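Worksheet for the structure shown next.
Each chain gets a letter, A, B and so on, in the order the sequences are listed, and its residues count up from 1. Computed from a prediction, not measured in an experiment: that's the story for all the values here. These values consider heavy atoms only, across backbone and side chains, with no hydrogens, waters or symmetry-generated copies.
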Amino acid sequence: MTIHIYNTLTGKKERLEPLEPNHVKLYVCGITSYDFCHIGHARSALAFDMIVKYLRYRNYKVTYVRNFTDIDDKIINRAAEQNTSSFELADRFIHEFYTDMDRLGIDRPDMEPKATEHIQEMVQIISELIDKGMAYQAGNDVYYAVETFSEYGKLSRRNLEDMQAGARISVNEMKRNPMDFVLWKGSKPGEPKWDSPWGEGRPGWHIECSAMSRKYLGNTFDIHGGGKDLIFPHHENEIAQSEGANGCSFVKTWIHHGFVTIRDEKMSKSLNNFLTIRDLLEHYHPEILRFFVFSTHYRNPLDFSELAMQDATAGLERLYAAIAAVDALTTDGRSDSDSVITDKDRQQMLSIEERFQKAMDNDFNSAQAQSVLFDAAKSINRILQGLPPEPASDDLVFLHATRDLVKKLAAIMGLLEEDAQTFLDAQKQKMLSAIDMDEVTIDNLIEERRLARSTKNWARSDEIRDELLAHNIELKDGPEGTSWTVKRTS
RNA sequence: GGCGGCGUAGCCAAGUGGCCAAGGCAGUGGUCUGCAAAACCAUUAUUCAGCGGUUCGACUCCGCUCGCCGCCUCCA
């Protein structure tokens, strides 16, 4: 089996064939650091985190580069508003970015270059483009001449005529063609600036990715990723710059993930409907966010809602509950007990990893892969159900092995990484803090009910249970006594 | 206006032409239980927005219609 990936450039799913055997070189556009990250940024980071983890699980060596845009108009403007320098502002939000990413359990890329540390490399590429007649200086700016790149528009499937018909292009008399884009911007007084052959200034947005990907991954590399909104103009312009300067193919496979939406609309600052990662983590465990994100294929829109998060919570708790139940088993069974595990169960367990891989090989279909985890949890629960008080040691070995496999596969999505019982207890505490009940009161009532039950005083027993239920506490009588959970409302 | 995508059960969501259209949440019946809860078993779309076409056969391919969304300006 081989991995197939949807390539935006060709519009097809293609077999992954790294240019260098077994070594995938990946470049992802990171954030512009001028504000806290929202859940759209989280989706991007999570999607590529999952992709990299899966490729490594499949024994590929991965070189993963993700940049920081730490100089740009938004940063300069925001810094001016806050009476700070663009450097300090960018640094601060890079720091905040790491805080969020760490909480989400996202692995650091292998390299995280910053634009401001690669000005020379950018100047170099711009010079090459000017030498080739593909870029020109106009005033203090340097522009890319899109007409010199015959394939301009190949990624976003549009042509220069159509785009100009769109007529949403700002008029700039310096440009030879309205679609020409800036490579180097002359600086205005007070703005951050670097020396260049064209005077003091700063780089345009797109050039940093061409310069940094070339430096760290070479002229041609395997995969370049980002959000769908980067297809045009950002990635289109990167192709024009890199292929123009290098004279060879830039990227083999382009991966673009879908947006996070709220009420089916894209989150955006202008609509003021965005949620920051830390806002969300106030209310939900990071793995719940991960579960939610991976419950939809990465290219489809992901609609955020409280209900969706509750569904994700219920789903993740179900998986953790199955793991916790196996964790709670003793490890030494009886060698002379009969096995309760059927051949069908064994077969299903053997197929779990294969089915998981089949789903993930198909353009990283994490939604389908999750369903395999649920099937495994169901099998575990079914076996547990039929387990005698003194289970066969072979059956215990089987259950522990199944649990370990489920955890190994879930880890590719960053799920089930916590101790299961600890996770469930923490969720219970979180629910408890939202209602007007404390543990001591609950325990006292459970004890009173235990006494009532021991005398078969069912009336009082049920009264206590109903009273607790009125406070959303649900009781569960088991062989080892009574436990409780906080019932989910709404 | 140009380009791209989506429309699958009450909700969410997979489905790379052909065994009964995954899985989750919710619901219903049963097992278990003093009664419950959890779990398990069963059940819940003769049908995949609508209409045509290609095919022995389409949710899957093609065309048209309707509805929704995105990009074309900064954006994950």
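By the 6.0 Å and 45° rule, A/R278 does not stack over the aromatic ring of A/F36. A/R346 forms a cation-pi arrangement with A/F398, by the criterion of a distance under 6.0 Å to the ring centre and an angle within 45° of the ring axis. Geometrically, A/R158 engages A/F232 in a cation-pi contact defined by less than 6.0 Å to the ring centre and at most 45° from the axis. A cation-pi arrangement, defined by a distance under 6.0 Å to the six-membered ring centre and an angle within 45 degrees of its axis, is present between A/R108 and A/Y98.
Applying the Watson-Crick and G-U wobble criteria (two distances, each under 3.5 Å), B/G17 pairs with nothing in any strand. With a cut-off of 3.5 Å on both Watson-Crick or G-U wobble distances, the partner of B/G70 is given as B/C3. When both pairing distances are held under 3.5 Å, B/G10 makes a Watson-Crick or G-U pair with B/C25. Base pairing annotation: B/C40 forms a Watson-Crick or G-U wobble pair with B/G30, both donor-acceptor distances under 3.5 Å. Across all strands shown, B/U47 forms no Watson-Crick or G-U wobble pair with both key distances under 3.5 Å. Using N1 to N3 plus N6-O4 or O6-N4 for Watson-Crick, or N1-O2 and O6-N3 for G-U wobble, each under 3.5 Å, B/G52 pairs with B/C62.
Residue contacts shown for A/S461 include a base, since a base heavy atom lies under 4.0 Å away. Residue contacts shown for A/R158 include a base, since a base heavy atom lies under 4.0 Å away. A/H257 comes within contact range of at least one nucleobase, with a heavy-atom separation under 4.0 Å. Nucleic acid contact class of A/L230 (heavy atoms, under 4.0 Å, all strands): sugar-phosphate only. Across all strands shown, A/R263 has no heavy atoms under 4.0 Å from either base or sugar-phosphate atoms. A/V260 comes within contact range of at least one nucleobase, with a heavy-atom separation under 4.0 Å. Among the protein residues, A/G227 comes within range of the sugar-phosphate backbone only, with heavy atoms under 4.0 Å from sugar or phosphate atoms but none that close to a base. Using a 4.0 Å heavy-atom cutoff across all strands shown, A/K378 reaches sugar-phosphate atoms only and no base atom. Within 4.0 Å of A/L475, counting heavy atoms only, lies at least one base atom of the nucleic acid.
Ion pairing between a basic and an acidic side chain is recognised when a charged N comes within 4.0 Å of a carboxylate O; A/R449 and A/D477 show such pairing. A salt bridge between A/R290 and A/E287 is absent, with no side-chain N of the basic residue lying under 4.0 Å from a carboxylate O of the acidic one.
For the OP1/OP2 pair of B/A39 and a distance below 4.0 Å, the side-chain nitrogens and oxygens of A/K476 include no atom meeting the criterion. Phosphate contact (OP1/OP2 of B/G34, side-chain N/O of A/R453, threshold under 4.0 Å): absent.
A distance of about 16 Å separates the C1' atoms of B/G30 and B/A36, rounded to the whole Å. Comparing the C1' positions of B/G18 and B/A58 gives an interatomic distance of 9 Å, to the nearest angstrom. Taking atom C1' in both B/C48 and B/G17, one finds a spacing of 15 Å when rounded to whole Å. Between B/U28 and B/U16, the distance separating the two C1' atoms is 36 Å to the nearest Å. Between B/A14 and B/U8, the two P atoms lie 11 Å apart (nearest whole Å). Separation of the P atoms belonging to B/C56 and B/A9 is 31 Å when rounded to the nearest angstrom. When the P atom is compared between B/U47 and B/C20, the two are found 16 Å apart, to the nearest whole Å. Nucleotides B/C68 and B/G50 have their C1' atoms positioned 15 Å apart, rounded to a whole Å.
Rounded to a whole Å, the CD1 atom of A/I442 is 19 Å from the P atom of B/A37. Rounded to an integer number of Å, the gap from A/R449 CZ to B/A36 P is 13 Å. If you measure from atom CD of A/Q385 to atom C1' of B/C41, you get 9 Å, rounded to the nearest angstrom. Atom CE of A/M101 is separated from atom P of B/A76 by 12 Å (rounded to the nearest Å). One interatomic measurement links the two molecules: CG of A/N472 to P of B/A37, which rounds to 15 Å at whole-angstrom precision. If you take CD of A/E236 and P of B/U73, they are 12 Å apart, rounded to a whole angstrom. For the pair A/I464 CD1 and B/A37 C1', the computed distance is 16 Å after rounding to whole Å. Distance CZ (A/F304) to P (B/C69): 20 Å, rounded to an integer number of Å.
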Checklist entry - What one-letter contact string describes nucleotides 9-21 of chain B from 5' to 3', where B marks a base within less than 4.0 Å of any protein heavy atom, S marks contact via sugar-phosphate atoms alone, and - marks no contact? => result --S-SSSB-----
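If you check distances only, the side chain of A/R465 does reach the base of B/C35 with a donor-acceptor pair under 3.5 Å. A donor and an acceptor atom sit less than 3.5 Å apart, one in the side chain of A/D477 and one in the base of B/C35. No N or O donor and acceptor, one from the side chain of A/R318 and one from the base of B/G24, sit under 3.5 Å apart.
With the nearest nucleotide of RNA chain B identified for both A/F291 and A/N381, A/F291 has the one nearer the 5' end. Both A/H38 and A/E265 sit near RNA chain B, but only A/E265 has its closest nucleotide nearer the 5' end.
By the criterion of a centre-to-centre distance under 5.5 Å and near-parallel planes under 30°, the ring of A/F374 forms no stack with the base of B/G23.
A/E463 contributes atom CD, which lies 10.5 Å from atom CG of A/L445 (distance to the nearest 0.5 angstrom).
Considering A/Q370, A/R355, A/Q348 in turn, A/R355 is the only one that fulfils the side chain to side chain donor-acceptor pair (under 3.5 Å) rule with A/D375. Paired with A/I323 under the rule side-chain contact (heavy atoms from CB on, under 4.5 Å), one option of A/V326, A/D327, A/L319 passes, and it is A/D327.
Looking at A/N362 and A/Q368, their side chains never bring a donor and an acceptor atom within 3.5 Å of each other.
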